[in-house]
Amino acid sequence: QVQLVESGGGSVQAGGSLRLSCAASVYTYSGRCMGWFRQAPGKEREGVASIYTRHGSTYYVDSVKGRFTISLDKDKNAVYLEMSSLNAEDTGMYYCAASGAMPSVMCEDLTLSRYNVWGQGTQVTVSS
């Protein structure tokens, strides 16, 4: 059973930084998308960033470009999300997710339905 476990969430003031971690039991050497998604209260879940495990190509939603960085440690089977210059709009539950094997182009648009394994989420709260 593939599992994803997120950690690193917390409360931070606007302008601050956080680093989220996702420990994955899925084999990250294969070609799949690993993504971070978030869901604010009363809103739909949205894609934040994704990375293609085979060659590390990364993709971001426009609202986090230049502020967030997704990375992969294949030896540790872990995915990270470095978040900086946080603002109140970044508040929400953050989820790590993994897709099945697919080409890298499928990671680009952060489509939720392509991801079939999800973690339990970690809460990020940014106060202004």
Side-chain angles (χ1 to χ4, degrees):
Q1 180 75 18
V2 175
Q3 288 187 320
L4 303 172
V5 180
E6 303 97 332
S7 61
S11 297
V12 63
Q13 289 191 331
S17 301
L18 281 174
R19 185 191 194 215
L20 305 183
S21 299
C22 174
S25 66
V26 62
Y27 185 57
T28 54
Y29 281 87
S30 60
R32 67 177 76 228
C33 308
M34 298 293 296
W36 284 98
F37 295 78
R38 65 186 178 190
Q39 188 166 19
K43 294 188 176 181
E44 293 186 351
R45 193 171 299 187
E46 66 168 347
V48 175
S50 65
I51 187 166
Y52 189 62
T53 58
R54 181 165 291 163
H55 50 61
S57 294
T58 58
Y59 310 92
Y60 299 91
V61 68
D62 286 345
S63 62
V64 307
K65 285 180 180 177
R67 301 189 299 120
F68 290 13
T69 302
I70 188 171
S71 60
L72 173 69
D73 186 329
K74 291 183 177 180
D75 291 338
K76 295 183 179 180
N77 267 9
V79 181
Y80 305 99
L81 186 67
E82 297 273 2
M83 306 185 295
S84 63
S85 300
L86 287 161
N87 57 60
E89 287 68 41
D90 296 315
T91 293
M93 187 69 77
Y94 281 70
Y95 299 90
C96 177
S99 74
M102 57 182 63
S104 62
V105 66
M106 306 295 277
C107 307
E108 187 170 357
D109 58 6
L110 293 163
T111 301
L112 272 70
S113 59
R114 295 202 174 109
Y115 296 79
N116 54 10
V117 181
W118 292 81
Q120 82 290 348
T122 185
Q123 178 67 37
V124 172
T125 303
V126 184
S127 57
S128 55

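Computed from a prediction, not measured in an experiment: that's the story for all the values here.
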Asks: Using every non-hydrogen atom in the two residues, find where Cys107 and Tyr52 come nearest and quote the distance to one decimal.
Replies: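 That would be SG-CD1, 3.5 Å.
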
Asks: What's the separation between atom OG in Ser57 and atom CG in Leu72, rounded to the nearest 0.5 Å?
Replies: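 If I round to the nearest 0.5 Å, the distance is 11.5 Å.
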
Asks: Answer yes or no: is there a side-chain heavy-atom contact under 4.5 Å between Tyr94 and Glu6?
Replies: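 Answer no - side chains too far apart.
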
Asks: Between Met34 and Cys96, is any pair of side-chain heavy atoms under 4.5 Å apart?
Replies: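 When only atoms from C-beta onward are counted, Cys96 and Met34 do touch, with a gap below 4.5 Å.
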
Asks: Taking side chain as C-beta onward, heavy atoms only, is Tyr115 less than 4.5 Å from Ser50?
Replies: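 The answer is yes; the side chains approach within 4.5 Å.
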
Asks: Which atoms form the tightest heavy-atom contact between Trp36 and Ser21, and what is the distance?
Replies: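 Taking Trp36 first and Ser21 second, the nearest heavy atoms are CH2-O, 3.6 Å.
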
Asks: Measuring from atom OG1 of Thr125 to atom CE of Met93, what distance do you get when rounded to the nearest 0.5 angstrom?
Replies: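 Reported value, rounded in 0.5 Å steps: 8.5 Å.
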
Asks: For the atom pair NZ (Lys74) and CZ (Arg54), what is the distance rounded to the nearest 0.5 Å?
Replies: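 Between atom NZ of Lys74 and atom CZ of Arg54 there are 8.5 Å.
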
Asks: Yes or no on side chain to side chain contact (heavy atoms under 4.5 Å, CB included) for Gln3 and Val117, after CA distance, side-chain angles and deciding distance?
Replies: CA-CA 7 Å; Gln3 288 187 320; Val117 181; over 6 Å; no

Asks: Rounded to the nearest 0.5 Å, what separation is found between the CG atom of Asn77 and the SG atom of Cys22?
Replies: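 With rounding to 0.5 Å, CG (Asn77) is 10.0 Å from SG (Cys22).
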
Asks: How far does OG of Ser84 sit from CG of Leu18, to the nearest 0.5 angstrom?
Replies: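 The CG atom of Leu18 is 10.5 Å from OG of Ser84, to the nearest 0.5 Å.
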
Asks: If you define the side chain from C-beta out and look only at heavy atoms, does anything of Arg114 sit under 4.5 Å from Asp109?
Replies: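 Result yes, sub-4.5 Å side-chain heavy-atom pair found.
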
Asks: Please give me the minimum heavy-atom distance between Val124 and Asp90, naming the atom from each residue.
Replies: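 Heavy atoms only, the tightest pair is CG1-O, 4.2 Å.
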
Asks: Should His55 and Ser104 count as side-chain neighbours, where that means a heavy-atom distance under 4.5 Å?
Replies: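 Contact flag for His55/Ser104 side chains = yes.
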
Asks: When you measure from the side chain of Arg19 to the backbone N and O of Glu82, does any donor-acceptor pair fall under 3.5 Å?
Replies: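 Here the side-chain-to-backbone pair does not exist.
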
Asks: Which of parallel (below 30°), tilted (30 to 60°) and perpendicular (above 60°) describes Tyr95 and Trp118?
Replies: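 Perpendicular, since the angle between the ring planes exceeds 60°.
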
Asks: Taking all atoms of both residues into account, what is the closest heavy-atom pair of Tyr60 and Thr69, and its distance?
Replies: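 Residues Tyr60 and Thr69, closest heavy atoms: OH-CA, 3.3 Å.
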
Asks: What distance do Leu86 atom CG and Ser17 atom OG have between them, rounded to the nearest 0.5 Å?
Replies: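 Between atom CG of Leu86 and atom OG of Ser17 there are 6.0 Å.
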
Asks: Any side-chain heavy atom of Met83 within less than 4.5 Å of one from Leu20?
Replies: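 Side chain of Met83 against side chain of Leu20, heavy atoms only: contact under 4.5 Å found.
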
Asks: Are the side chains of Val79 and Ile70 in contact, using a 4.5 Å heavy-atom criterion?
Replies: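 They are in side-chain contact.
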
Asks: Grab the two heavy atoms, one from Arg67 and one from Ser85, that are nearest each other, plus how far apart they are.
Replies: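 Scanning both residues, the minimum pair turns out to be NH1-O, 2.9 Å.
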
Asks: Check the hydrophobic clustering (I, L, V, M, F, W, Y; side-chain heavy atoms under 4.5 Å; chains of links allowed) and say if Met106 and Val48 are grouped together.
Replies: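 Not linked; separate clusters.
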
Asks: Would you say that Val64 contacts Arg38 through its side chain, given a criterion of any heavy-atom pair below 4.5 Å between the two side chains?
Replies: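 Answer yes - side chains close enough.
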
Asks: Restricting to non-hydrogen atoms, name the atom on Ala24 and the atom on Leu4 that form the minimum distance, rounded to 0.1 Å.
Replies: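 The pair with the smallest heavy-atom distance is CB-CD2, 3.4 Å.
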
